[in-house]
Amino acid sequence: MNSVKIRITENEMKNEKTPASQLAFGTKFTDHMFIADYTAGSGWHDHRIVPYQPLTLDPSATILHYGQTVFEGMKAYLSEDGVVRLFRPEQNMKRMNSSCDRLSMPQIDEDFALEALKELLEIDKEWIPTEPGTSLYIRPFMIATEAHLGVSASKTYSFMIIMSPVGSYYKEGIHPVKILVESEYVRAVAGGTGMAKTAGNYASSLKAQEVADREGYSQVLWLDGIERKYIEEVGSMNVFFKIDGEVVTPSLNGSILDGITRKSIIELLKYWGVPVTERKVSMEEIREAYLDGKLDEAFGTGTAAVISPIGELRWKGELFYVNNGETGEISKKLYDTLTGIQHGTIEDPFGWVVELKQ
Ligand SMILES: *Cc1c(COP(=O)(O)O)cnc(C)c1O
(Lines give C-alpha, C1' and ligand atoms only; values in the text may rest on other atoms or scores of the structure.)
Protein backbone atom coordinates (compact mmCIF):
# COMPACT_ATOMS: atom_id res chain seq x y z
CA MET A 1 0.00 0.00 0.00
CA ASN A 2 3.06 2.28 0.38
CA SER A 3 3.46 2.88 -3.33
CA VAL A 4 -0.20 3.92 -3.53
CA LYS A 5 -0.88 7.30 -5.08
CA ILE A 6 -3.14 9.75 -3.32
CA ARG A 7 -5.30 11.73 -5.75
CA ILE A 8 -5.62 15.35 -4.67
CA THR A 9 -8.55 17.65 -5.42
CA GLU A 10 -7.89 21.09 -4.00
CA ASN A 11 -10.57 23.07 -2.23
CA GLU A 12 -11.01 26.28 -4.15
CA MET A 13 -13.17 27.87 -1.50
CA LYS A 14 -10.93 28.35 1.53
CA ASN A 15 -12.89 28.24 4.77
CA GLU A 16 -12.61 31.20 7.07
CA LYS A 17 -10.37 30.65 10.09
CA THR A 18 -11.58 31.38 13.61
CA PRO A 19 -9.23 33.43 15.83
CA ALA A 20 -7.41 31.12 18.27
CA SER A 21 -9.09 32.79 21.27
CA GLN A 22 -12.56 31.78 19.97
CA LEU A 23 -11.82 28.18 19.03
CA ALA A 24 -14.10 25.59 20.61
CA PHE A 25 -13.49 21.83 20.49
CA GLY A 26 -14.30 20.12 17.20
CA THR A 27 -16.64 22.65 15.59
CA LYS A 28 -14.46 24.04 12.77
CA PHE A 29 -12.73 21.84 10.20
CA THR A 30 -9.84 22.38 7.79
CA ASP A 31 -10.28 22.74 4.01
CA HIS A 32 -9.46 19.12 3.14
CA MET A 33 -10.06 15.52 4.24
CA PHE A 34 -8.53 12.15 3.36
CA ILE A 35 -10.68 9.21 2.21
CA ALA A 36 -9.94 5.65 1.10
CA ASP A 37 -12.57 2.99 0.33
CA TYR A 38 -12.46 -0.73 1.02
CA THR A 39 -14.23 -3.56 -0.73
CA ALA A 40 -13.99 -7.14 0.56
CA GLY A 41 -12.02 -9.20 -1.92
CA SER A 42 -10.18 -6.26 -3.50
CA GLY A 43 -8.95 -4.31 -0.43
CA TRP A 44 -8.33 -0.56 -0.11
CA HIS A 45 -8.74 1.64 -3.18
CA ASP A 46 -9.41 5.24 -4.31
CA HIS A 47 -7.09 6.99 -1.87
CA ARG A 48 -7.84 10.67 -2.15
CA ILE A 49 -7.58 14.08 -0.52
CA VAL A 50 -10.66 16.12 -1.30
CA PRO A 51 -12.36 19.31 -0.07
CA TYR A 52 -13.98 18.78 3.36
CA GLN A 53 -17.57 17.81 2.52
CA PRO A 54 -20.69 15.91 3.65
CA LEU A 55 -20.91 12.18 2.94
CA THR A 56 -23.52 10.35 0.90
CA LEU A 57 -24.61 7.11 2.58
CA ASP A 58 -27.34 4.64 1.76
CA PRO A 59 -29.98 4.84 4.54
CA SER A 60 -29.45 1.11 5.16
CA ALA A 61 -25.65 1.46 5.62
CA THR A 62 -24.37 -0.80 8.44
CA ILE A 63 -22.83 2.11 10.38
CA LEU A 64 -26.26 3.74 10.83
CA HIS A 65 -27.95 0.67 12.32
CA TYR A 66 -25.34 -1.52 13.98
CA GLY A 67 -22.62 1.00 14.82
CA GLN A 68 -19.74 -0.70 13.03
CA THR A 69 -17.25 2.15 13.32
CA VAL A 70 -14.03 3.08 15.10
CA PHE A 71 -12.10 6.32 15.59
CA GLU A 72 -8.85 7.78 16.84
CA GLY A 73 -7.93 11.11 18.42
CA MET A 74 -4.52 12.74 18.04
CA LYS A 75 -3.00 16.21 17.65
CA ALA A 76 -0.50 18.13 15.50
CA TYR A 77 1.43 21.01 17.02
CA LEU A 78 3.10 23.89 15.17
CA SER A 79 5.90 25.76 16.89
CA GLU A 80 6.89 29.33 16.18
CA ASP A 81 9.88 28.17 14.12
CA GLY A 82 7.47 26.46 11.71
CA VAL A 83 8.00 22.80 12.73
CA VAL A 84 4.94 20.54 12.74
CA ARG A 85 5.05 17.82 15.39
CA LEU A 86 2.98 14.69 16.03
CA PHE A 87 3.03 12.83 19.36
CA ARG A 88 3.47 9.04 19.09
CA PRO A 89 1.24 8.89 15.98
CA GLU A 90 2.21 5.27 15.21
CA GLN A 91 0.51 4.34 18.51
CA ASN A 92 -2.79 5.78 17.27
CA MET A 93 -2.64 3.86 14.00
CA LYS A 94 -1.80 0.67 15.88
CA ARG A 95 -4.71 1.18 18.30
CA MET A 96 -7.02 1.93 15.35
CA ASN A 97 -6.18 -1.51 13.99
CA SER A 98 -6.85 -3.23 17.30
CA SER A 99 -10.21 -1.40 17.53
CA CYS A 100 -10.97 -2.51 13.93
CA ASP A 101 -10.16 -6.08 14.85
CA ARG A 102 -12.65 -5.99 17.76
CA LEU A 103 -15.39 -4.58 15.48
CA SER A 104 -14.72 -7.09 12.63
CA MET A 105 -13.49 -4.28 10.40
CA PRO A 106 -10.56 -4.43 7.96
CA GLN A 107 -7.02 -3.48 8.96
CA ILE A 108 -5.40 -0.33 7.61
CA ASP A 109 -1.74 -0.13 6.55
CA GLU A 110 -0.43 1.80 9.57
CA ASP A 111 2.60 3.28 7.79
CA PHE A 112 0.54 4.35 4.81
CA ALA A 113 -2.16 5.91 7.01
CA LEU A 114 0.57 7.99 8.69
CA GLU A 115 1.94 9.04 5.29
CA ALA A 116 -1.57 10.03 4.18
CA LEU A 117 -1.96 12.08 7.38
CA LYS A 118 1.37 13.83 6.75
CA GLU A 119 0.27 14.69 3.22
CA LEU A 120 -3.05 16.07 4.49
CA LEU A 121 -1.19 18.11 7.13
CA GLU A 122 1.11 19.52 4.48
CA ILE A 123 -1.90 20.71 2.45
CA ASP A 124 -3.74 22.19 5.45
CA LYS A 125 -0.66 23.31 7.43
CA GLU A 126 -1.90 26.90 7.65
CA TRP A 127 -4.79 25.61 9.79
CA ILE A 128 -2.53 24.58 12.67
CA PRO A 129 -2.76 27.34 15.29
CA THR A 130 0.46 28.43 17.03
CA GLU A 131 -0.82 30.27 20.14
CA PRO A 132 0.22 28.63 23.44
CA GLY A 133 -1.92 25.59 24.27
CA THR A 134 -3.55 25.38 20.81
CA SER A 135 -3.21 22.50 18.34
CA LEU A 136 -4.84 20.80 15.38
CA TYR A 137 -7.02 17.91 16.55
CA ILE A 138 -6.91 14.96 14.12
CA ARG A 139 -9.74 12.46 13.85
CA PRO A 140 -9.02 9.33 11.77
CA PHE A 141 -12.10 7.08 11.60
CA MET A 142 -13.64 4.21 9.69
CA ILE A 143 -17.29 3.46 8.94
CA ALA A 144 -19.13 0.44 7.50
CA THR A 145 -20.93 1.53 4.33
CA GLU A 146 -22.64 -1.56 2.92
CA ALA A 147 -26.35 -1.08 2.08
CA HIS A 148 -27.71 -4.12 3.90
CA LEU A 149 -29.92 -4.56 6.99
CA GLY A 150 -28.77 -8.07 7.90
CA VAL A 151 -26.70 -8.25 11.08
CA SER A 152 -23.29 -9.16 9.67
CA ALA A 153 -19.98 -7.41 9.06
CA SER A 154 -20.20 -4.94 6.19
CA LYS A 155 -18.37 -5.80 2.95
CA THR A 156 -17.48 -2.15 2.26
CA TYR A 157 -15.88 0.58 4.40
CA SER A 158 -14.50 4.11 4.20
CA PHE A 159 -11.44 5.25 6.16
CA MET A 160 -11.26 9.01 6.61
CA ILE A 161 -9.17 11.66 8.33
CA ILE A 162 -10.64 15.03 9.28
CA MET A 163 -8.88 17.79 11.23
CA SER A 164 -10.08 20.58 13.49
CA PRO A 165 -8.13 23.50 15.01
CA VAL A 166 -8.64 23.52 18.78
CA GLY A 167 -8.05 26.24 21.36
CA SER A 168 -6.34 25.81 24.68
CA TYR A 169 -8.22 23.38 26.94
CA TYR A 170 -7.26 25.55 29.89
CA LYS A 171 -7.97 29.14 28.81
CA GLU A 172 -8.08 30.27 32.45
CA GLY A 173 -5.35 27.94 33.73
CA ILE A 174 -5.72 24.37 34.99
CA HIS A 175 -8.63 23.98 37.39
CA PRO A 176 -9.44 20.75 39.25
CA VAL A 177 -12.93 19.43 38.49
CA LYS A 178 -15.67 17.77 40.57
CA ILE A 179 -16.35 14.11 39.78
CA LEU A 180 -19.42 12.00 40.55
CA VAL A 181 -18.69 8.30 41.15
CA GLU A 182 -21.24 6.38 39.04
CA SER A 183 -22.75 3.41 40.88
CA GLU A 184 -25.62 2.48 38.54
CA TYR A 185 -24.54 2.72 34.88
CA VAL A 186 -21.29 1.19 33.58
CA ARG A 187 -19.12 2.15 30.62
CA ALA A 188 -17.90 -1.29 29.61
CA VAL A 189 -17.23 -4.83 30.82
CA ALA A 190 -14.35 -7.19 30.08
CA GLY A 191 -15.28 -9.14 26.95
CA GLY A 192 -17.20 -6.15 25.57
CA THR A 193 -15.79 -3.24 23.55
CA GLY A 194 -14.27 -1.02 26.27
CA MET A 195 -10.76 -1.52 24.84
CA ALA A 196 -11.89 -0.21 21.43
CA LYS A 197 -12.51 3.41 20.46
CA THR A 198 -15.94 2.68 19.03
CA ALA A 199 -19.12 4.78 18.95
CA GLY A 200 -21.32 2.59 21.17
CA ASN A 201 -19.11 3.12 24.23
CA TYR A 202 -19.71 6.87 24.01
CA ALA A 203 -23.44 6.70 23.18
CA SER A 204 -24.00 4.54 26.27
CA SER A 205 -22.03 6.92 28.51
CA LEU A 206 -24.17 10.00 27.82
CA LYS A 207 -26.97 9.11 30.25
CA ALA A 208 -24.68 9.04 33.29
CA GLN A 209 -22.99 12.22 32.09
CA GLU A 210 -26.40 13.96 31.97
CA VAL A 211 -27.07 13.06 35.60
CA ALA A 212 -23.60 14.27 36.65
CA ASP A 213 -24.14 17.56 34.77
CA ARG A 214 -27.47 18.14 36.48
CA GLU A 215 -25.88 17.66 39.90
CA GLY A 216 -23.06 20.10 39.16
CA TYR A 217 -20.31 17.57 38.45
CA SER A 218 -18.19 17.76 35.32
CA GLN A 219 -17.61 14.01 34.71
CA VAL A 220 -18.38 10.59 36.09
CA LEU A 221 -15.93 8.10 37.54
CA TRP A 222 -16.73 4.70 36.05
CA LEU A 223 -16.60 1.57 38.21
CA ASP A 224 -16.25 -2.04 37.08
CA GLY A 225 -19.35 -3.61 35.56
CA ILE A 226 -19.48 -6.66 37.83
CA GLU A 227 -19.03 -5.54 41.44
CA ARG A 228 -19.17 -1.72 41.09
CA LYS A 229 -16.10 -1.69 43.37
CA TYR A 230 -13.04 -1.08 41.23
CA ILE A 231 -12.21 2.13 39.39
CA GLU A 232 -11.99 2.02 35.59
CA GLU A 233 -11.88 5.46 33.94
CA VAL A 234 -13.05 9.05 34.40
CA GLY A 235 -15.37 10.33 31.62
CA SER A 236 -13.47 9.36 28.48
CA MET A 237 -10.08 9.61 30.15
CA ASN A 238 -7.83 7.21 32.02
CA VAL A 239 -7.41 7.95 35.72
CA PHE A 240 -4.48 8.17 38.15
CA PHE A 241 -4.26 8.66 41.93
CA LYS A 242 -1.32 9.55 44.13
CA ILE A 243 -1.78 7.77 47.43
CA ASP A 244 0.83 8.13 50.17
CA GLY A 245 3.58 9.00 47.68
CA GLU A 246 2.79 6.19 45.20
CA VAL A 247 1.12 6.87 41.84
CA VAL A 248 -1.46 4.18 40.93
CA THR A 249 -3.67 3.62 37.90
CA PRO A 250 -6.14 0.80 37.17
CA SER A 251 -4.43 -2.01 35.23
CA LEU A 252 -5.71 -2.74 31.72
CA ASN A 253 -8.34 -5.37 32.40
CA GLY A 254 -10.11 -5.76 29.08
CA SER A 255 -12.62 -2.96 29.59
CA ILE A 256 -10.28 0.04 30.01
CA LEU A 257 -9.09 1.98 26.95
CA ASP A 258 -5.31 1.73 26.54
CA GLY A 259 -4.56 5.48 26.46
CA ILE A 260 -1.40 6.80 24.85
CA THR A 261 -1.27 9.63 27.41
CA ARG A 262 -1.63 6.99 30.17
CA LYS A 263 1.22 4.94 28.69
CA SER A 264 3.43 8.05 28.34
CA ILE A 265 2.75 9.13 31.95
CA ILE A 266 3.75 5.71 33.28
CA GLU A 267 6.99 5.87 31.25
CA LEU A 268 7.68 9.46 32.36
CA LEU A 269 7.12 8.69 36.06
CA LYS A 270 9.44 5.66 35.85
CA TYR A 271 12.07 7.85 34.13
CA TRP A 272 11.80 10.33 37.01
CA GLY A 273 12.06 7.55 39.59
CA VAL A 274 8.55 8.20 40.96
CA PRO A 275 6.91 4.94 42.16
CA VAL A 276 4.07 4.08 39.77
CA THR A 277 1.93 0.92 39.82
CA GLU A 278 -0.74 -0.49 37.51
CA ARG A 279 -3.16 -2.48 39.65
CA LYS A 280 -6.76 -2.78 40.78
CA VAL A 281 -7.85 0.35 42.67
CA SER A 282 -11.09 0.15 44.65
CA MET A 283 -13.33 3.06 45.70
CA GLU A 284 -13.00 1.80 49.27
CA GLU A 285 -9.20 2.26 49.04
CA ILE A 286 -9.72 5.86 47.84
CA ARG A 287 -12.14 6.49 50.73
CA GLU A 288 -9.68 5.13 53.29
CA ALA A 289 -6.79 7.07 51.79
CA TYR A 290 -8.89 10.23 52.05
CA LEU A 291 -9.86 9.56 55.65
CA ASP A 292 -6.19 8.87 56.53
CA GLY A 293 -5.08 12.09 54.82
CA LYS A 294 -3.13 10.12 52.20
CA LEU A 295 -5.09 10.97 49.04
CA ASP A 296 -2.46 13.34 47.65
CA GLU A 297 -3.59 13.79 44.02
CA ALA A 298 -6.07 12.49 41.43
CA PHE A 299 -6.23 13.26 37.70
CA GLY A 300 -7.65 12.13 34.38
CA THR A 301 -5.44 11.75 31.30
CA GLY A 302 -6.13 11.89 27.53
CA THR A 303 -5.13 13.62 24.31
CA ALA A 304 -7.71 16.44 24.57
CA ALA A 305 -6.89 17.79 28.06
CA VAL A 306 -3.54 15.95 28.62
CA ILE A 307 -4.04 16.15 32.42
CA SER A 308 -7.33 17.01 34.12
CA PRO A 309 -6.89 17.30 37.90
CA ILE A 310 -9.71 16.08 40.15
CA GLY A 311 -10.51 18.30 43.14
CA GLU A 312 -13.53 16.49 44.57
CA LEU A 313 -15.16 13.05 44.36
CA ARG A 314 -18.70 12.17 45.48
CA TRP A 315 -19.39 8.50 46.25
CA LYS A 316 -22.71 7.34 47.73
CA GLY A 317 -23.32 10.77 49.28
CA GLU A 318 -19.83 11.10 50.80
CA LEU A 319 -17.46 13.84 49.62
CA PHE A 320 -13.71 13.32 49.29
CA TYR A 321 -11.59 16.41 48.67
CA VAL A 322 -8.25 16.06 46.92
CA ASN A 323 -5.32 18.39 47.69
CA ASN A 324 -7.70 21.14 48.96
CA GLY A 325 -9.21 21.38 45.48
CA GLU A 326 -5.90 22.55 44.02
CA THR A 327 -3.74 21.11 41.22
CA GLY A 328 -1.12 18.79 42.73
CA GLU A 329 2.63 18.92 42.19
CA ILE A 330 2.90 15.73 40.08
CA SER A 331 -0.19 16.66 38.02
CA LYS A 332 1.34 20.05 37.18
CA LYS A 333 4.79 18.63 36.41
CA LEU A 334 3.31 15.95 34.13
CA TYR A 335 1.18 18.54 32.32
CA ASP A 336 4.10 20.93 31.80
CA THR A 337 6.46 18.17 30.66
CA LEU A 338 4.08 16.42 28.27
CA THR A 339 2.82 19.64 26.65
CA GLY A 340 6.42 20.91 26.49
CA ILE A 341 7.55 17.75 24.65
CA GLN A 342 4.52 17.96 22.32
CA HIS A 343 5.13 21.61 21.43
CA GLY A 344 8.90 21.15 21.13
CA THR A 345 9.86 23.48 23.99
CA ILE A 346 11.22 20.62 26.14
CA GLU A 347 13.68 17.99 24.95
CA ASP A 348 12.08 14.61 24.14
CA PRO A 349 14.30 11.90 25.67
CA PHE A 350 11.97 9.10 24.51
CA GLY A 351 11.79 9.64 20.75
CA TRP A 352 8.01 10.19 21.04
CA VAL A 353 7.80 13.21 18.76
CA VAL A 354 7.64 12.86 14.97
CA GLU A 355 8.67 16.07 13.22
CA LEU A 356 7.34 16.67 9.72
CA LYS A 357 9.94 17.46 7.07
CA GLN A 358 9.86 21.15 6.17
C1 LIG B 1 -9.30 8.10 23.85
C2 LIG B 1 -9.65 7.66 25.21
C3 LIG B 1 -8.76 7.72 26.30
C4 LIG B 1 -7.44 8.43 26.24
O5 LIG B 1 -6.58 7.93 25.28
P6 LIG B 1 -5.37 8.84 24.76
O7 LIG B 1 -4.69 7.95 23.78
O8 LIG B 1 -4.53 9.16 25.93
O9 LIG B 1 -5.98 10.05 24.15
C10 LIG B 1 -9.14 7.16 27.50
N11 LIG B 1 -10.36 6.61 27.67
C12 LIG B 1 -11.25 6.55 26.66
C13 LIG B 1 -12.57 5.91 26.90
C14 LIG B 1 -10.93 7.09 25.40
O15 LIG B 1 -11.83 7.05 24.42
Side-chain angles (χ1 to χ4, degrees), residues 25-26 67 69-77 86-100 102-103 110 114 117 135-142 164 166 169 177 179 182 185-190 192-209 212 218-225 230-241 249-269 276 278 281 298-310 331 334-335 337-339 341-342 350 352-354:
F25 181 81
T69 179
V70 305
F71 70 92
E72 267 306 321
M74 55 205 290
K75 283 176 173 176
Y77 312 86
L86 294 167
F87 184 73
R88 313 188 80 174
E90 70 293 341
Q91 296 283 333
N92 292 93
M93 298 309 177
K94 189 173 148 203
R95 185 170 65 192
M96 176 126 191
N97 267 342
S98 65
S99 295
C100 283
R102 181 64 186 83
L103 274 287
E110 294 168 23
L114 195 49
L117 169 59
S135 57
L136 187 69
Y137 184 79
I138 301 165
R139 171 58 60 92
F141 66 110
M142 195 191 294
S164 168
V166 293
Y169 200 88
V177 295
I179 299 295
E182 175 57 56
Y185 300 111
V186 297
R187 193 190 84 88
V189 287
T193 57
M195 287 276 279
K197 263 181 130 66
T198 185
N201 295 342
Y202 305 84
S204 64
S205 75
L206 300 176
K207 187 93 182 164
Q209 178 62 40
S218 53
Q219 294 284 348
V220 300
L221 188 77
W222 298 109
L223 301 181
D224 78 273
Y230 298 99
I231 295 166
E232 300 241 310
E233 300 201 49
V234 59
S236 47
M237 289 184 280
N238 295 115
V239 66
F240 287 75
F241 298 90
T249 190
S251 37
L252 301 177
N253 57 358
S255 52
I256 292 172
L257 201 285
D258 185 3
I260 296 159
T261 317
R262 173 187 183 277
K263 194 189 305 260
S264 306
I265 283 169
I266 293 169
E267 288 171 43
L268 205 45
L269 290 171
V276 53
E278 295 174 70
V281 184
F299 53 93
T301 72
T303 296
V306 186
I307 301 281
S308 175
I310 297 171
S331 313
L334 283 167
Y335 179 80
T337 308
L338 276 174
T339 54
I341 290 175
Q342 290 163 343
F350 305 96
W352 286 339
V353 169
V354 173

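Just so you know, ligand 1 is whichever comes first in the structure, and atom 1 is the first atom listed for that ligand.
Few gaps surround NZ on K263; more than 12 heavy atoms of other groups in view lie less than 6.0 Å from it.
T261 and V306 get closest at one heavy-atom pair: CG2-O, 3.6 Å. Residues D258 and R95 share a closest heavy-atom pair of O-NH1, 3.1 Å.
The NZ atom of K197 sits 4.5 Å away from the OH atom of Y202 when rounded to the nearest 0.5 Å. The structure places CD1 of I310 at 11.5 Å from CZ of F240, a figure rounded to the nearest 0.5 Å.
Contact atoms of ligand 1 toward R95: 5 (O), 6 (P), 7 (O) (distance under 4.0 Å to a heavy atom of the residue). Heavy-atom contacts of Y202 reach the following atoms of ligand 1: 13 (C), 14 (C), 15 (O) (cutoff under 4.0 Å). Counting atoms of ligand 1 from 1 in the listed order, those under 4.0 Å from a heavy atom of G259 are 5 (O), 6 (P), 7 (O), 8 (O). Set against the non-hydrogen atoms of M237, the atoms of ligand 1 under 4.0 Å away are 10 (C), 11 (N).
Annotation: I260 places an N or O atom under 3.5 Å from an N or O atom of ligand 1; distance criterion only. Residue R262 has no nitrogen or oxygen atom sitting less than 3.5 Å from a nitrogen or oxygen atom of ligand 1, judged on distance alone. No N or O atom of T301 sits closer than 3.5 Å to an N or O atom of ligand 1. At least one N or O atom of E233 sits closer than 3.5 Å to an N or O atom of ligand 1.
Using bins of under 30°, 30° to 60° and over 60° for the plane-to-plane angle, the ring pair F25/Y137 lands in the perpendicular bin.
Remark: minimum distance from atom 8 (O) of ligand 1 to any protein heavy atom is reached at T261 OG1, 2.6 Å. Considering only non-hydrogen protein atoms, atom 9 (O) of ligand 1 sits nearest to T303 OG1, 2.6 Å.
Proximity of M74 to ligand 1 is not established, as no heavy-atom distance is less than 4.0 Å. Heavy-atom separations between R187 and ligand 1 include at least one value shorter than 4.0 Å. Contact annotation: S236 has at least one heavy atom less than 4.0 Å from an atom of ligand 1.
The option from K197, K263, Q91 that lies nearest to atom 1 (C) of ligand 1, judged by heavy atoms, is K197.
Contacts of L257 with ligand 1, taken as heavy-atom pairs under 4.0 Å, involve the side chain alone.
No side-chain N or O of S251 forms a donor-acceptor pair with one of N253 less than 3.5 Å apart. A donor and an acceptor atom, one from each side chain of T198 and R102, are nowhere located under 3.5 Å apart.
Looking at R187, its side chain does come within 3.5 Å of a backbone N or O of G194 through a donor-acceptor pair.
Under the 4.0 Å criterion applied to side-chain N and carboxylate O atoms, E278 and R262 are assigned as salt-bridge partners.
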